[in-house]
Every structure is written in C-alpha cells, then in structure tokens.
**Student:** 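Questions regarding the structure given below will be posed in turn.
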Amino acid sequence: MQKYSPIELEKKWQKIWEETEIYQTPVDPKNPYYCLVMFPYPSGNLHVGHWYNFALADSLARYKKMQGYDLLSPIGFDSFGLPAENAAIKRGLAADQWTADNISQMKVQLKSIGAIYDWDRTLSTSDPEYYHWTQWLFLQFYQSGQAYQSEALVNWDPVDQTVLANEQVVDGRGERSGALVEKKRLKQWFFRITDYADELLDQLDNLDWHDNIKQMQRNWIGKSQGSQLGFAVKGKDLMIEVFTTRIDTLAGATFLVLAPEHDLVEKIVEDQYRAKVKDYQKQVASMTNLDRIQSDNKDGVFTGAYAVNPLTNQRMPVYIAEYVLPEYGTGAIMAVPAHDQRDHQFATKHGLEIIEVIDSGGAGVEEQAYEDEGLLINSERFNGLAKEEAKRAITQYLADTNRAKLVTNYRLKDWLISRQRYWGCPIPIIYCDKCGVVPVPEEDLPVILPLEQEFDNAADSPLKRHPDYLKLNCPACGDSNARRETDTLDTFVDSSWYFLRYTDNHNSQQPFNQDKVNQWMPVGHYIGGIEHAVMHLLYARYFTKALADLGLLEFREPFKRLTNQGTILGPDGQKMSKSKGNVVDPDQYVSQYGSDSVRTYLMFLGPFSQGGPWDDSRFEGITRFLTRLYSLVVDPYEPGDFEADQEMEMVQKLHATIKKLGQDLEELKFNTAVASLMELVSLMQDKKNQGVISNDVWHQSLKYLSLILAPITPHLAEEFWQHLGEEQSVHLQGWPAYDPEVIEQTELTIPIQINGKKRSEILVAQGLDREEVTRLVLDNARVQQLLEGREPDKIIVVPDRIVNIVLD
RNA sequence: GGGCGAGUGGUGGAAUUGGUAUACACGACGGACUUAAAAUCCGUUGCCUUAUUUUUUAUGGCUUGAGGGUUCGAGUCCCUCCUCGCCCACCA
C-alpha cells in the first residue's frame, strides 16, 4: 500500500511542468480559445475567492486544451491603485517596491494552484512597458475626441483638499480624513462613453451572459424615452427646460421644481426670497449624498418666480428642492402632484394645487397620487385620450410652437477618468501658457511616474510638489514654463484593455499587433466576480468599441461568454472579513492537503455561480475521496474470476462518465462533474475488490480515468499517468472520446404508473415502439393484478422512458 | 419603489429541462478491525402508517415555501401569496 502524499507529489510535478515548459501558448493558433480570469489586485495575499475563480477556470482551460484548442490562459496584476499609495504614506514604503513584493509573493501562491498559466504572458498595469500603451491609447482617444476636459461636480474633501472617488466616500465622509464630503465643480478629464450608450445597450442582447448582469448594465445605462419641454418664466426672457416621461399629465403640472444647484436659480430668484434660497442651497450642499437619498422629506423653498403651463396657461410657482437631482435629465421637473407620489408629498407639505388629469375612476387624488392607467380629463382638447396617444398628441402640439421635442435620456454619464492620486498611470498631457493643452508627443512616451516621491500626508496629488516631474519645456513652442498634468488615470482605464495586451504582451512598438489580437479575441470565456458586473465590464466593452472605431480592432465586443462565480463565505455563513475573524486562508489547506484537494473541494461545494460557506468537515470528505482514488489506481490489481457482465457494466459507466464530465466542464457544472467521478470510482473500487475485470480492460480503464481527471486534479492525474507507464505528460493528451454504442443500453427498466403514480416497472428492449410496449405491459402479471380487471381508459407510452395507465 | 434570482431530507446539494424526486457528499446511527482510540472498511438513514418483529422484512399513504390552475403526468409551465438573497433607486 502506497500512501497518498499530495504535498511532495504536487511539488514534483509543478517543477517538472515548469522545467519542460509544457504550458507555452501557441504562437500561431489555428484553433484559438481564450480563457480569461479577472486579474487580481496585488494585495499581497491570494484569498479563497481568488482560488475559487482561478482554480476552477483552470479546469475549464485544461479541458479546452485537451479538446484540441490552441489555448491562451494568462494571468496578470491590476497593480495601480490606492492601497499601494496608502502603504507608502502610512508605512513609508515605496509604492512600487510594496507592489513588486506583493506580486512576487502572489506569484508563489498562484503557482501553488498548479494552473496552466504561461508565465511568459504575464503583465502588470503599473509596469512602464504596460502603461506606455495605456498612455498611447489615451492620446488616440484625445485626438479622436473621445477624451475631453470639462468642469464636473466632484466629491471634495475639505480637510485633505482633494477629490475623492465615489468608492472613497464612506457614509458621506472622506475615507481617510473623516471629513464631511462636499460637492465641488472642478476641471476633470472624461471619456465620452455616452456616445456608445445605445450600442452598449443593444449589443447586450447578443452576449452569452447571465440575464442578471445584462439587466444591471441596462439599469446603469438607464435609457428612457420622453419629452423635453420649455416653461416660460413670467416677467423674464427665460425658459426652464424640463425632461419628462409623462407629458400626458402636463395639464396637471401645477408647479416646477429645480435642483438647488441648477444654474437658473440665480437668475430667477426674487430679491425677497434670495436669503432663504441661499441658506437652503448651502444646507443641501453640506448634505451627504447618502442623506439626500435616504431622507424622504420633501423640503424645499419658493424662489418667488412663476412659470406658465403651456397647455393651460396657468401660473406655476417655481421651487427648489433637494429631491430633484442636478445630474439627471435637465435638473428640473414639472411637478404633477395628482399622479406622482413625490410631487404629491411636496404639494401637500407646501399647500400647492393638486389637479386630477388622469381619470382615477373615483379613487381620487387627495390622499395620494394616482399612478395607474386612465383616460385624460381636465386636459382641454386632449380629454379622453389614452396615455401613449396623449403623449404623442401633446408633444406634437407643443412641437409646432417649438416648445417641446421627443428626447432620449440616459442615466449613464461620461466616464470621469482623472484622479488626484500618485499611484496611477500619468495622463500624458502638458499645459503651456502659450499653446494651451498639449498632448505629449508619442516618441516621448511613456511619461514615467517618478518613483522617488515625498509624501506629506496632507494634501492632493503629491506629484504637484515634484519639481522634476511637474516642470518642463513645452514640446510645441519650447516655453520653459510648461507644466505636466499631475492627475493620473482611474485604474479602471488600466483594466479596460489588459485582455488585449495578453495577446502580444512583449510588443514594444504597439499596444498589440493587430493580427494577433484579432486572432485570439474575443475572449471565449471570461470568469470573475459579480462585483464587476457593471463598472469594469461596461468600461471594457466601451474601450473595445472605441478602439474598433479607431481601426485597431476588428470586433466590437470583448467577452462572448461570461460567468460570474459566487462568493465563498466564512464558516459562519457571513462574508469573510478580518473584523469578523472568519477569514479562511487557502494557503493553510494547500500546504496541508494539497492543491488538488482544495480544487476538488471548491468544485464540489455547490453550483459555481452560487458559492457558499466554507466547511471543514466537508473538506475532509474530499481528502477521503482522493485517498481512495489514489489507492484504486496505485495499489496493484489482482484479477480473480472474470465476469463479462460486470466488466460491461464498468465499461459502460466509464464511457457514460466521460460524456457527462465533458458536458459538465463545458457548462462549468463542476459539482456534478465531481459527483459523477465519485460514482465511477466507487463502482471501479467494487469491481476491483471482486477481481471480475480482465487485466487489459482494467489497465485501459485506469488510463481513461487519468485522462478525465486531468482537468480536475491535474497533479494526481499526472502521477497516475506516469504510474501507468506513460512517458508524455497527461496534459498533452487529447480528451478521450466515449463510444455512444457502449453507453446505449440494450435493455431498459422503465416505470409503470397507474394514474400518475409509480406502481411497477418492466424490463424492455431499448427502442421498442409504443404498440409493443403496450402489449408487454398489459400482459405483465403484476399489472394485471393491479388492474383488478378494470379496463384502462388510456395508455400513455413514452418510448424508453415511462408508461402511464390511466383509469377513470 | 424597480429589476434579477432562489426556496427540495438534520446539512451542502442532484434531477436527462414536463417523465421513477431526494443522485453525490456531509452528519448521524449500527457493525467489523483494535487492549482502547483515531484512521479505514461494510451497512442503515425523507416523513408517517400498519403488520410481523430481539434481529428482520413487507403494506399503504404523504412529501420539493403556501394555495390554486394547465396536463395522462408538475420540483420543473401559468396565476396569487409568503420568505430570503443580490443589484439599482426621490431617475422625473
């Protein structure tokens, strides 16, 4: 009896695989398959979630390779970002060194998975070889008008004097300073993602992604069709533009509400209300976004101005209120209190008129807004129309006098890409007093991020205080007072094209060779966490489309098929977190039980997209299985009395398992793949104990077993393969073909139901037709006994499946 | 408030996509091995019922969150409701 010692065994094979370089990516793929995992941030530790993602994706990659595909399965690091900068500030470490240390530590952990990665294909976004091309792409975007500068409302931290990303605002306070975050207008860089809003929306239909993710992207893009119309302000030559999806309710619009930040407020406010308006604006500006969303109160103040309802010519007071958001639509609404609950609350609070214009069928609109369907009333010439008809008619009526038009509105905003941060990709732009905004010439790329950097903890981008970096001669006119842009790019920019770079990661002349990128892309299967459902996946799609329009790519969608794995929870069923003390360290299990065990455990946990809590007792079940498996293959087989039936049963099971495993791996149903392997192993163990299999068939069966184990437990499979006398690696073999004729059973036991309940079963030849089966069933003694002489009303026969006898 | 998804034994889950519900495992119980324990191996294990019964084996009925529907047949399809999870959200 040999003992299964996974640690030595796995180390041995990992070393051999590396030395023999069996995982090199083919240079000229004839039959390419690109299997991609979302690259990790180099935090310094590979956690269980990474394992779940990478190890199981590796099984898919291995299966694809065995199927004969030319495989690209790379890994890299999303290595720009705030944690490195914080480490630099808090612990005085150099950000690049901290990052490099973490990457080398994570490479060791990644190698312990025993994955198929081609380490020559790796990349890090903070590597100048990489960000050279991020900058180059930015310049292409700038030249084509996709990148532009504009003022924007941003999260401003008044203590640190810096802009914060939304993710850096926690409960309305700055993550580091703890100060209440304000909104402020500042000049920022943007990508024109809204140009692609419709395409990003429409092409979702053609993607093999889960509906959930598609729906999240649709919500994010937030397309809505409506009308934009102008309301004249009394006594002023001004129009207030409003976006509405319910222009049919126009006659019921009794007041207007502007966002407190709206530009026109200044111009329309009457003197006696000015002080109150200013006070209110200040109050709202100091509110956190969270407060503003969560508070349900309908506070607001009157501006003293009146507008005119273009349909009824009624006078409409103009208010400002926090419940109208500056970013959406035009930042102003027409309020229809009878048919919108928010407007209703506001009207009730401020004593404003409520006019029913959609027939509520007697429900009334005094207590609450009537938001259901109905025909128009109190709407002059439009009375009696239904919703859609009314929308068209009213828009048409107002369009004739140029006061309304049909518009499409999106929730999606242009992508704000500049960050006042140090550890990011420098934006290759120069400001010159004489020439204005000057892009860095391509031959001067990359703009290298200075590694020697003083951090003084207090303020905005430390690059502003780096004289060598900041000041330079203008490349256009030579003026010596030119300054570099000190903002860096949002790290989502780095990760929006890394999958393209993998196809040609050593190219020093271009971001990628076009032939290569078009050969490998789009990605065959992209696997990663659901937390990237919107941002990363939307940005990567946008990048692909924009680059296709620049003529750099021949495809417009990067990821044909996407799977989001579930979350592995702590043993207590809660999300793992250091503060809860429920973090499971995969290294501990790998160093004790080996990679194959951790892989198989994670596979067997449940459906891949579901995740679930870590459970030690189940883990032991897996090591038990692998130990049994090891002894099944390695302990010698001693044939006894050969029995053809038993051998046939085993061979059948073997072929059925080959078929099942292939289907399951293709669909990422790892849990049932492992279950069917367990069934096969139990059966083989049983036959081995009995010694009823001929020597040749036994040996052959073990070879098949090793082959189908290869994607799942790659180390163990390799060990078995060698044990069986093979010289070449199991990972260079083809996926075995199953024999459909072997699987097909000549005789089947099918159930006999009476009135839908199983009462008996019968053994019939495979493929027997309805009449034959019916005759056999009726002749069956047990069936006759059950029928007690009653005549069947009807007999349903589904060949090879079931018989149902229907009695009255 | 809107969207998506889920609810199956003590537990994780499976179910050929409308055709034998509970595969595979964990746990539990019983047994073998052992001076003993661990490990390992073998057996039992949805619930209720009735009969026989130290062991044993049968009999009938019920069962996929609740209720209704379609169907010869529903975990699966349709309707209503309940609960949970995730995402979005004063979105005009």
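The figures that follow rest on heavy atoms only: side chains count, while hydrogens, waters and symmetry mates do not. Chain A is the first sequence line, chain B the second, and so forth, proteins listed ahead of strands; every chain is numbered from 1.
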**Student:** With a 3.5 Å cut-off and no angle check, do the side chains of A/E241 and A/Q228 form a donor-acceptor pair?
**Tutor:**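 The criterion, which ignores hydrogens and geometry beyond distance, is satisfied for A/Q228 and A/E241.
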**Student:** Could A/D769 and A/R775 be called an ion pair, given the rule that one side-chain N must be under 4.0 Å from one carboxylate O?
**Tutor:**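 Answer for the salt bridge query: no.
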**Student:** Toss me the dot-bracket line for RNA chain B: Watson-Crick and G-U wobble, both under 3.5 Å, 5' to 3', using | for pairs to another strand and [ ] for crossers.
**Tutor:** (((((((..(((......[....)))((((((.......))))))(((.((.....)).)))..(((((..]....))))))))))))....
**Student:** Have a look at A/P607 and say if it touches a base, only the backbone sugar-phosphate, or nothing, with a 4.0 Å heavy-atom cut-off.
**Tutor:**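 Touches sugar-phosphate only.
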**Student:** Would you mind classifying the nucleic acid contact of A/L605 as base, sugar-phosphate or nothing, using non-hydrogen atoms under 4.0 angstrom?
**Tutor:**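 Sugar-phosphate contact only - A/L605 comes under 4.0 Å of backbone atoms but never of a base.
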**Student:** Rounding to an integer number of Å, can you tell me how far A/I247 CD1 sits from B/rA92 C1'?
**Tutor:**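 Distance, rounded to whole Å: 13 Å.
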**Student:** Could you tell me whether B/rU17 is syn or anti, where syn means a glycosidic angle within 90 degrees of zero?
**Tutor:**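 For B/rU17, whose glycosidic angle is within 90° of 0, the conformation is syn.
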**Student:** Find the distance A/I754:CD1 to B/rC72:P and express it as a whole number of Å.
**Tutor:**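 Interatomic distance, CD1 of A/I754 to P of B/rC72: 18 Å.
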**Student:** When you compare B/rC88 with B/rC78, how far apart are their C1' atoms, in angstrom units rounded to a whole number?
**Tutor:**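 Straight-line distance between the two C1' atoms is 28 Å.
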**Student:** Which nucleotides of nucleotides 17-30 of chain B have their base under 4.0 Å from a protein heavy atom (B), which only their sugar-phosphate (S), and which neither (-), written as one string 5' to 3'?
**Tutor:** --BB--BBSSS---
**Student:** When we call it a touch if two heavy atoms are under 4.0 Å apart, what does A/K214 touch: a base, just sugar-phosphate, or nothing?
**Tutor:**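 The answer is nothing, as A/K214 stays clear of every strand by at least 4.0 Å.
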**Student:** Which whole-number value in Å describes the distance from A/Q228 CD to B/rA92 C1'?
**Tutor:**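 Going from CD in A/Q228 over to C1' in B/rA92 covers 12 Å.
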**Student:** For A/A307, which residues count as a side-chain contact (heavy atoms from CB on, under 4.5 Å) partner, sequence neighbours excluded?
**Tutor:**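 Expected list: A/F231, A/L256, A/V318.
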